[in-house]
Each structure stands twice: as structure tokens, then as C-alpha cells.
Amino acid sequence: MAGAVSPSMIGGMTARIEAKLPMPHMPGVPNTKGTEVGLGATVGYMHEGAMLLTEHDYPLFVGDYKPGFAGSLITKVKLSSLVDFSLVPAWVYQGGTMSSHKAVQIPMALIIRLGSLVQASTDLGVYTGDDYHFSGSAGGRIAAGGSLTVKLGPILAHAGAGVASLLTGGEYPTIGDSVYVDVNVKYAK
């Protein structure tokens, strides 16, 4: 960062609560089991602007800690026994030193399951920058990626890759600067 700013390793903290409606069986719809509709609310105390970042963005945490809020609509639809679609649009607000930060985030995913052992996902997200600006130089992003999750007994192995922004400018001068790799392993009962 050429000595101009000193980024922090810790971005802050958040807490999230979700309220989901049970989906009854609907005539004419083959399978509503696994479909989720509801609302989510996230409160946080993070470095200024950090509430606008996604899990695929570069974690540049600078500035003072400020409170923030995100409200989202949870829409996860089971299209068939193999295919799910997820759309979770959110409105994000965070206080700021000079002015507050406001943005819209629209992540979506198409998930293909092969039984309970393998899951492949393609992800697309549209994110505005501060004050709902869409250009890359103002923090707007179009993210694209994919992932594969394999269940081996109680172990979930996950690997994914993509780009945090197809729009250039600002934090991502080129598309190559926004490439991410996501790898993790979890123990699940």
C-alpha cells in the first residue's frame, strides 16, 4: 500500500438472523420441499466500507470502525431433485466518517446436486459501489465463479474459483487482479 494506509487484518464483527417461511405443498408444483423464502438481517461493527464487501472481494480493511446493517430477501428455489436456484438480494448501509455508505448486492447461484455426495455451483453477483454507483471505478462489481463440493463421509471438501469483478477500475484495475480461489474443508455430521 506504499505507506499511504495501514490495512488491518481483522475487518470487524457481524451477527445475522434469518426468518424463513415454511413452504406448503402447492398443487401443480412438483416439489416445494427444500424451497426457502424469508428475510435476513445482519448487523455489524466493521471498518468503514467493509459491509459493502463480499466473501470474494479483496479484504482491504482501513479506516475507523462504524456500525452497519444489511437486510436481505432469501429466495432459494428447488427446481428439481437435481437443480436449485438461489437469489438473495440485499440492501446494505454502513455509517461513515464523512458520509454513510449505501449499496445493493444481488448474489445468485445455480446449484446442481448429484445425490448427497457431489454439488456443483455457478455463481453470479451484481454489486453496486458506495451510493449505488455501478461503475468499476466507484466500487461496482459483477462477480462470476464456480465451485465444487464433495462429501466424503463426515468431511465436506470445497473448491471454487472465479473473478470478484468483471468491471475494471478502483480496487480491481484489471480483471486478472480480481481472480479468487476458494478452498476449504469442513467436518459435518
Side-chain angles (χ1 to χ4, degrees), residues 5 7-23 34-78 84-111 121-147 149 158 160-167 169-172 177-182 184 186:
V5 293
S8 175
M9 197 162 127
I10 305 297
M13 60 184 161
T14 62
R16 180 168 174 82
I17 187 167
E18 295 180 349
K20 298 178 186 173
L21 295 172
M23 293 301 296
T35 295
E36 298 176 359
V37 176
L39 299 172
T42 303
V43 294
Y45 191 67
M46 305 182 76
H47 282 282
E48 189 169 342
M51 290 284 295
L52 279 63
L53 299 176
T54 70
E55 65 269 10
H56 301 303
D57 281 314
Y58 181 77
L60 180 60
F61 303 125
V62 295
D64 296 330
Y65 283 94
K66 300 293 180 183
F69 171 82
S72 60
L73 176 64
I74 301 166
T75 312
K76 297 181 180 178
V77 181
K78 188 161 195 66
D84 295 348
F85 176 74
S86 171
L87 174 68
V88 187
W91 176 77
V92 181
Y93 173 87
Q94 186 176 19
T97 303
M98 299 300 281
S99 64
S100 60
H101 305 279
K102 300 168 288 299
V104 174
Q105 300 179 338
I106 308 172
M108 57 193 101
L110 186 64
I111 303 146
S121 172
T122 59
D123 305 307
L124 178 67
V126 178
Y127 307 98
T128 67
D130 188 18
D131 246 355
Y132 311 112
H133 288 110
F134 189 69
S135 70
S137 60
R141 293 151 347 264
I142 297 176
S147 65
T149 303
H158 172 87
V163 292
S165 182
L166 292 170
L167 302 175
E171 289 295 318
Y172 305 112
D177 292 327
S178 74
V179 172
Y180 69 84
V181 176
D182 177 21
N184 64 53
K186 291 191 241 183

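Here, residue 1 is the first one in the sequence, and each next residue gets the next number. Hydrogens, waters and symmetry mates play no part in the numbers below; they use all other heavy atoms, side chains included.
- S147 contributes no side-chain N or O that, together with a main-chain N or O of G160, makes up a donor-acceptor pair within less than 3.5 Å.
- Considering all non-hydrogen atoms of both residues, G68 and M51 come closest at C-CE, 3.8 Å.
- Residues L166 and A144 come closest through the heavy atom pair CD1-CB, 4.4 Å.
- For the residue pair H101 / D130, a side-chain donor-acceptor distance below 3.5 Å is found, with atom types taken as modelled.
- Closest heavy-atom contact between A109 and D123: CB-OD1, 3.2 Å.
- What you find for R141 and T54 is that their closest heavy atoms are NH2-CG2, 3.8 Å.
- To the nearest 0.5 Å, the span separating CZ on F134 from CG on L167 amounts to 5.0 Å.
- Residues meeting the ring-ring contact (aromatic ring centres under 6.0 Å, His included) test with F69, sequence neighbours left out: none.
- Counting all heavy atoms, side chain and backbone alike, S178 lies closest to S165 at OG-O, 3.0 Å.
- Among L124, I142, L87, the one residue that satisfies the side chain to side chain contact (heavy atoms under 4.5 Å, CB included) test with I106 is L87.
- Residues L53 and F61 are in side-chain contact: their nearest non-hydrogen atoms beyond the backbone lie under 4.5 Å apart.
- Separating the NZ atom in K76 from the OG1 atom in T35 is a distance of 11.5 Å, to the nearest 0.5 Å.
- Between the side chain of S8 and the backbone N or O of I10 there is at least one donor-acceptor pair closer than 3.5 Å.
- Applying the side chain to side chain donor-acceptor pair (under 3.5 Å) test to every pair with at least one member in residues 88-97, sequence neighbours left out, gives these pairs: E48-T97, W91-Y132.
- Atoms CE and NZ, from M46 and K66 in turn, are 14.5 Å apart once rounded to the nearest 0.5 Å.
- Heavy atoms only, all atoms of each residue included: G11 and A50 are closest at O-CB, 4.5 Å.
- Looking at residues two or more places apart in sequence or on another chain, you find a ring-ring contact (aromatic ring centres under 6.0 Å, His included) between Y45 and Y65.
- Results of the side chain to side chain donor-acceptor pair (under 3.5 Å) test with D57 over Y127, Y180, Y172 single out Y172 as the only residue that passes.
- Side-chain atoms of H47 come within 3.5 Å of backbone atoms of G63 as a donor-acceptor pair (strictly under, hydrogens ignored).
- The main-chain N or O of G139 is never found under 3.5 Å from a side-chain atom of E171 such that the two would form a donor-acceptor pair.
- With 3.5 Å as the limit, one finds no donor-acceptor pair spanning the side chains of S86 and D84.
- In this structure, the side chain of T42 does not engage the main chain of R16 through any donor-acceptor pair within 3.5 Å.
- Put simply, the side chain of L39 reaches to within 4.5 Å of the side chain of L73, judged on heavy atoms.
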